[in-house]
Amino acid sequence: MEAFQLLSRGGARFDKKRFQKDVSLFSKEPAKSRPIERLVDGELPGELDYFKYAAGGSGKRKADSEGVAKALKKRKVEEEEEDQDMEEDEEETEADDTPSRPRQRVVAKGSNIPSHTDTFQELVERYQMSSLLLSNLTTYGYTQPTGIQSYGIPILLESRDLAAISPTGTGKTLSYLLPIMSSLGAPSSSANSDAGSGVRAVVVAPTRELAHQIHNECLKLAQGRKWRIVLFSKATAGTLADKATRDKVDIIISTPLRLVASLRSGGLELNNVRHLILDEADRMLDSEFFPQVEEILAACSHPNLQKAVFSATLPAGAEKMAMQMLKDPIRVVVGLKDTPLPLISQSLTYVADDPSKLPSLLTYLAQPYNPPVLIFTSSQPRATSLAQELVLNGVSNVDCLHAGMTKKEREDAVSRMRKGESWVMVSTEVMARGMDFKGIREVINYDFPTSVQSYVHRIGRTGRAGREGKAVTYFTDDDAPFLKAIANVLLQSGSTVPEWILKLPKPSKLKRRQMGKVKRAEIVNPARKVGRSDAIKKRDMVAGSKRRVVRETSKSDTNITAE
DNA sequence: AAAAAAC
């Protein structure tokens, strides 16, 4: 492993000049005002109207396309009905982010919704936010609140519970950190603190790396104040066993299991916690994490506990759980739920089978590309071996990161990434959520994501804070059953999908057949055949012009955005 | 639906 890392750092093949030339060649200036096509109700932008392709096709294909059209329509209708359902207050506006960013629809739903704010300054007058916080915001370049910030911050400052759904890279972290720090007032170490003793705010996130990143953000905001903000880890758990020390802690940022371990050992009390935040809420509420979250919830016994959940994705089941957990919550949705940012240009690339992936990737990396590139694989061993393969094939500055590595290895990998030393980072789902590497221009899904949520979060590592991004997803014949779901995500966020994908049998049908509701021998094979023959046709086409698939899907999406 | 992540 060490040898591998040395190799990957390898200076020998490192040709910086050539590399820089390549980069400048390919890094086009980000369009200042990107043309945005709005979705008008009941109407699709021409580029999205792929149904027209189906017109001359077979009945089957047409039916499928109509199915998709219906699904899209249905979703719209649902959203509208949802809006109409509300007897309580509702606010809907176009939140204007910084001029360079696309406007995104913000829908706030709930009782007595506090009005949003267009500036951070306003918070000083309205909520007596300290001017120190304001100046820290300015120092770190937060000039104007994003959609989720302008709505979420007042809600949290008015002590309301909140479920916030906002796309990747739109500033969710600040949306909860700022109100927490503002309403905590004086650090509990100060003499005139009347806040009682013990930890007063807890932020829970699913990975160490993310917790670490949130901690860093928190420290920035806290500059100039004697807050005690603790990133929970093995080391800090020891010190916190001392009650006197523990009582001076203001904010804890932790992964759930770490927190639960401390609760169980009796080394930690959360009975004075006033603010509890679940970041990446859908992940925190899934079957693996939820029992731990429940334990944390139970330990937060203060009657004035404020709870809030944040995520870019919140499937119906998770949302229900969240809403049950929250008290008289306000639900804020920015953009369209479970949909990536339109700034990310997405494409699907067919690679017949697993062995064909590596050559495709190598071909891709042999050409000028925009580093750093983040590559996702489906397992830790696959991440490791892919990274090794890339190094063996002469790719420079390859790095690897997964949860099987030691804490130190992980930290080092992240810091190399932050410093821009990694050009190619191979990783697993650990990196899928929340991580904010500003420079990432491209995400490659080497292994197909296992859910729509995973896809949305993975590609959300690029296109952050108003920048453009690119996401390529490899798929094989085996991925066919899940291809359509992802293809719909592309469509909804304004990227185009090769028309032939729509000919694939519906996932439900495939699955039903695989489950053997009908005789296997009869059904499974024909089902496979349908998928295969399409795939083979496509393969032939690809063989004829290797890059066409990529071209096809990515060319036209440069100018299309949708909400 | 399924792997990865949490200690």
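Letters A, B, ... are given to chains in the order of the sequence lines, protein chains preceding strands, and every chain is numbered from 1.
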Consider the side chain of [X], meaning its heavy atoms from C-beta on, and name the nucleotide among [options] that approaches it most closely.
X	options	answer
A/T255	B/dA5, B/dA2, B/dC7	B/dC7
A/H402	B/dA6, B/dA2, B/dA5	B/dA5
A/Q292	B/dA5, B/dA6, B/dA3	B/dA6

Query raised in the report: Atom CD of A/E294 and atom CE of A/M321: how far apart are they, to the nearest 0.5 Å?
Result: 7.0 Å
Separation of [N] [atom2] from [X] [atom1] (nearest whole Å):
X	N	atom1	atom2	answer
A/D286	B/dA1	CG	P	16 Å
A/E209	B/dA4	CD	P	16 Å
A/R382	B/dA4	CZ	C1'	15 Å
A/E429	B/dA1	CD	C1'	13 Å
A/F482	B/dA1	CZ	C1'	6 Å
A/H212	B/dA6	NE2	C1'	17 Å
A/F289	B/dA5	CZ	C1'	5 Å
A/K407	B/dA6	NZ	C1'	14 Å

Query raised in the report: Is any side-chain N or O of A/S451 closer than 4.0 Å to OP1 or OP2 of B/dA1?
Result: no
Quick one: label [X] by what it contacts on the DNA or RNA (base, sugar-phosphate, nothing), any heavy atom closer than 4.0 Å.
X	answer
A/R208	sugar-phosphate
A/P206	sugar-phosphate
A/A261	nothing
A/R410	sugar-phosphate

Query raised in the report: Do A/Y446 and A/F376 make the cut of ring centroids closer than 6.0 angstrom?
Result: no
Query raised in the report: Less than 6.0 Å separating the ring centroids of A/Y176 and A/F310?
Result: yes
Requested in this report: Give a yes or no on whether a donor-acceptor pair under 3.5 Å exists between the nucleobase atoms of B/dA3, that is its base, and the side chain of A/E288.
Outcome: yes
Query raised in the report: With a 3.5 Å cut-off and just heavy-atom distances, do the side chain of A/R283 and the base of B/dA4 make a donor-acceptor pair?
Result: yes
Query raised in the report: With a 4.5 Å limit on heavy-atom distance, are the side chains of A/V424 and A/Y369 in contact?
Result: yes
Query raised in the report: Is there side-chain contact between A/D354 and A/D447, with heavy atoms separated by less than 4.5 Å?
Result: yes
Query raised in the report: Would you call A/E217 and A/K220 a salt bridge, taking side-chain N to carboxylate O under 4.0 Å as the test?
Result: yes
Query raised in the report: Going by an N to O cut-off under 4.0 Å, is there a salt bridge joining A/R264 and A/E295?
Result: yes
Query raised in the report: Does anything in residues 454-461 of chain A reach DNA chain B, meaning a heavy atom under 4.0 Å, and if so which residues?
Result: none
Query raised in the report: Taking A/H215 for the side chain and A/I229 for the main chain, is one N or O donor matched with an acceptor at less than 3.5 Å?
Result: yes
